[in-house]
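Chain letters run A, B, ... following the sequence lines, proteins first and then strands; every chain starts at 1.
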Number of protein chains: 2
Amino acid sequence: MDSPKRTTIYDVAREAGVAASTVSRALRNPRRVNAATREHVLQVAERMGYRPSPLATALQSGRTATVAMLVPDITNPHFFGTIKGAERRASAAGITFILSYTEESADNERTQIEHLARSVDGFVLASSRLSDESLWELAEEHNLALVNREVKGLPSAVVDSRVGSRQIVEHLASLGHRSLVYLSGPHQSWPAGERWRGLVDGARGLGMKATRLGPFPPRVVGGGAAADAALVTGATAVVAHNDLLAIGVLRRLAERGVAVPEQVSVVGYDDIFGADFCVPALTTLAGPQDEAGRSAVELLLENRSRSTTRAPDRRVMLPSHLVIRDSTGPAAR
Amino acid sequence: MDSPKRTTIYDVAREAGVAASTVSRALRNPRRVNAATREHVLQVAERMGYRPSPLATALQSGRTATVAMLVPDITNPHFFGTIKGAERRASAAGITFILSYTEESADNERTQIEHLARSVDGFVLASSRLSDESLWELAEEHNLALVNREVKGLPSAVVDSRVGSRQIVEHLASLGHRSLVYLSGPHQSWPAGERWRGLVDGARGLGMKATRLGPFPPRVVGGGAAADAALVTGATAVVAHNDLLAIGVLRRLAERGVAVPEQVSVVGYDDIFGADFCVPALTTLAGPQDEAGRSAVELLLENRSRSTTRAPDRRVMLPSHLVIRDSTGPAAR
DNA sequence: TTGAAAGCGCTAACAG
DNA sequence: CTGTTAGCGCTTTCAA
């Protein structure tokens with residue numbers, strides 16, 4: 001809590017022998033004040049240890065200089081990069097960064113937005129669980145930027161996983177695999193759709209067969225059931241919705257004595273912490289998640305001024321790349 | 001950004017045929033308003049979709065219903081649990097949660113605090129890099145709660161690592177180790193001191209020899225130099241400042257063809273994500289980091305009201321426990 | 001129990 | 001270029 005009394009703009013004004021508005025101007029619009037006056041005011045302010053009140057500024061101006069980022073689950077390492085990138089970008093712009101978790105629930109996401117609406121200038125929604133319709137509706141009232149989700153008319157920053165998925169298929173094909181199984185993530189997950197489409201496209205082009213199983217919870221624990229389901233199909237190559245799930249699959253396969261990559265190849269997405277030291281080290285589609293977070297905040301800042309103007313639907317697409325490690329190898333037989 | 005005009009307390013007042021102050025009371029002090037009036041006001045507010053402005057409330061009342069958490073480095077998985085616990089607790093109390101990174105810098109930490117001072121009710125400082133003196137000074141003006149740091153007179157929530165360190169020593173002693181090397185974390189790190197003291201105490205009690213090396217950066221990359229330094233001493237047991245460093249050590253030892261645990265045993269702290277699937281799986285001191293985050297927020301909330309009153313120096317100490325995996329074994333020879 | 005009125009600290013017309 | 005004035009939306013005395 002703050003100390004009893006803070007020095008206000010009025011204290012500075014009195015001390016400097018000018019009006020409060022002049023102090024305000026000296027601080028915000030330096031060019032609209034006589035250089036000497038400004039200098040003097042600034043010195044007095046400095047000497048008195050004046051600190052502006054963001055609250056008062058925000059209440060009056062409507063700008064809070066704050067953005068909020070909503071993330072489904074903080075436990076998922078997938079988001080660390082995104083959060084970090086977003087936080088960095090916000091800090092750099094002197095913007096306060098609010099982080100909140102929606103616990104994978106669309107309702108929760110909506111509630112949080114309503115709750116924070118008047119305290120922030122905009123929202124970064126990472127892997128939003130909301131429907132397109134809900135997002136459009138919310139975008140009427142709020143400044144939104146999406147991460148890893150594309151919705152017509154809304155600004156977004158996504159790491160490609162469609163082209164990347166094709167690369168995965170090509171990689172597997174070159175190893176002699178004739179079919180693959182995709183262990184899908186949550187149904188509302190936009191990337192899950194992208195990945196599947198990319199895999200299907202790639203497979204079709206190469207005369208491979210692609211099967212989708214799931215959905216599975218995109219966490220390590222989901223790997224048990226996912227691996228078992230995959231084995232039933234007799235697949236030689238398994239593509240998991242993300243690295244967490246892939247690591248769970250790896251674990252289950254080891255338990256069951258299935259050799260990776262000799263009997264089954266495994267691929268993940270995200271290249272999270274641990275993907276390089278699990279056993280075998282995971283082949284995975286890596287992407288600049290931090291860039292995505294950074295860009296999303298940037299899109300928000302661009303839109304801050306024109307709340308009424310229909311914001312142009314800016315989309316940033318970041319390239320991914322396949323990191324080949326030890327979990328993929330020549331097809332069995 | 002918000003839509004052109006939000007409904008205010010005045011709109012509700014007019015519509016309900018009462019004064020604004022009555023609306024305010026109906027919302028905040030339900031008991032100081034006639035039951036019927038209150039009911040009516042609430043309904044009108046509901047119908048008009050009234051949402052209070054946190055800014056205006058904060059400006060007037062001095063309470064922001066917001067806390068900020070400062071973390072040295074978001075990249076470090078060690079903090080995930082703490083952040084999560086803190087965020088959950090804040091959410092549960094309807095408190096907005098601001099997250100910020102200090103990039104391991106004390107100056108930065110101080111700047112952030114000044115910057116956010118007027119926007120929050122208090123700060124959770126996780127593994128603060130500030131000196132005791134700085135913290136005392138800051139505590140004069142701000143509401144602080146520390147995580148994994150104890151400072152006389154300040155509220156804190158820490159996961160024990162002193163008693164836990166003794167357990168580590170006992171574990172190693174029981175495996176026949178006669179000496180150990182501690183690969184230290186940053187010098188300003190409070191837990192590093194605790195851990196070292198715990199190890200020394202434990203070693204003395206058991207007639208073991210304990211050596212400290214470092215400091216090393218508490219990240220995977222720090223493991224290379226740390227492992228090499230440890231090997232030079234001929235130690236059979238290595239205790240790394242945290243799991244990140246331990247994983248780096250494991251990696252380096254593997255590179256050098258040193259068998260773990262046959263030739264050298266390795267222990268870490270934190271039980272982070274990955275500690276169970278690195279090779280060999282890491283023996284580590286685990287603790288309820290999320291509880292620590294939760295408690296810290298709680299301490300903050302307790303103190304919110306009495307800013308002037310010298311807050312009682314409440315300390316929460318959470319127990320840790322040793323998780324024994326495959327990186328420790330009988331002493332060589 | 002309710003209303004009127006005075007700000008919280010700042011910004012933004014509008015004059016001068 | 002600078003001062004005066006009127007709020008932003010809400011809470012909180014003080015009276016009635």
Say whether, by atom type as modelled, one donor and one acceptor occur between the side chain of B:T22 and the main chain of B:V18 under 3.5 angstrom. no
Rounded to the Å, how far apart are B:R31 CZ and C:dT2 P? 15 Å
It should be established whether A:T37 places a side-chain nitrogen or oxygen under 4.0 Å from OP1 or OP2 of nucleotide D:dT2. yes
Output the distance between atom OH (B:Y10) and atom OG (B:S24), rounded to the nearest 0.5 Å. 9.5 Å
Check against salt bridge (charged side-chain N to carboxylate O under 4.0 Å, His left out), B:R129 and B:E103: CA-CA 10 Å; B:R129 283 352 186 195; B:E103 302 176 21; over 6 Å; no
Nearest-Å distance for atom pair CD/C1', residues B:E39 and C:dT2: 18 Å
Hey, could you give me each pair passing ring pair (Phe, Tyr, Trp, His ring centres under 6.0 Å) that has a residue in residues 55-103 of chain B? Not counting sequence neighbours. A:F80-B:F80
How would you summarise protein contacts on nucleotides 7-16 of chain C per nucleotide, using B for base, S for sugar-phosphate only and - for none, with heavy-atom distances below 4.0 Å? BBBBBBB---
A:N34 has its side chain closest, among D:dT2, D:dG3, C:dG3, to D:dT2
Considering only heavy side-chain atoms of B:V18, the closest of D:dG3, C:dG3, D:dT2 is C:dG3
Counting only N and O atoms by type, is there a donor-acceptor contact under 3.5 Å from the side chain of A:R149 to the main-chain atoms of A:L130? yes
Rounded to the nearest Å, what distance is computed from the NE2 atom of residue B:H40 to the P atom of nucleotide C:dT1? 18 Å
Taking 4.0 angstrom as the limit, do B:E298 and B:R294 come out as a salt bridge? yes
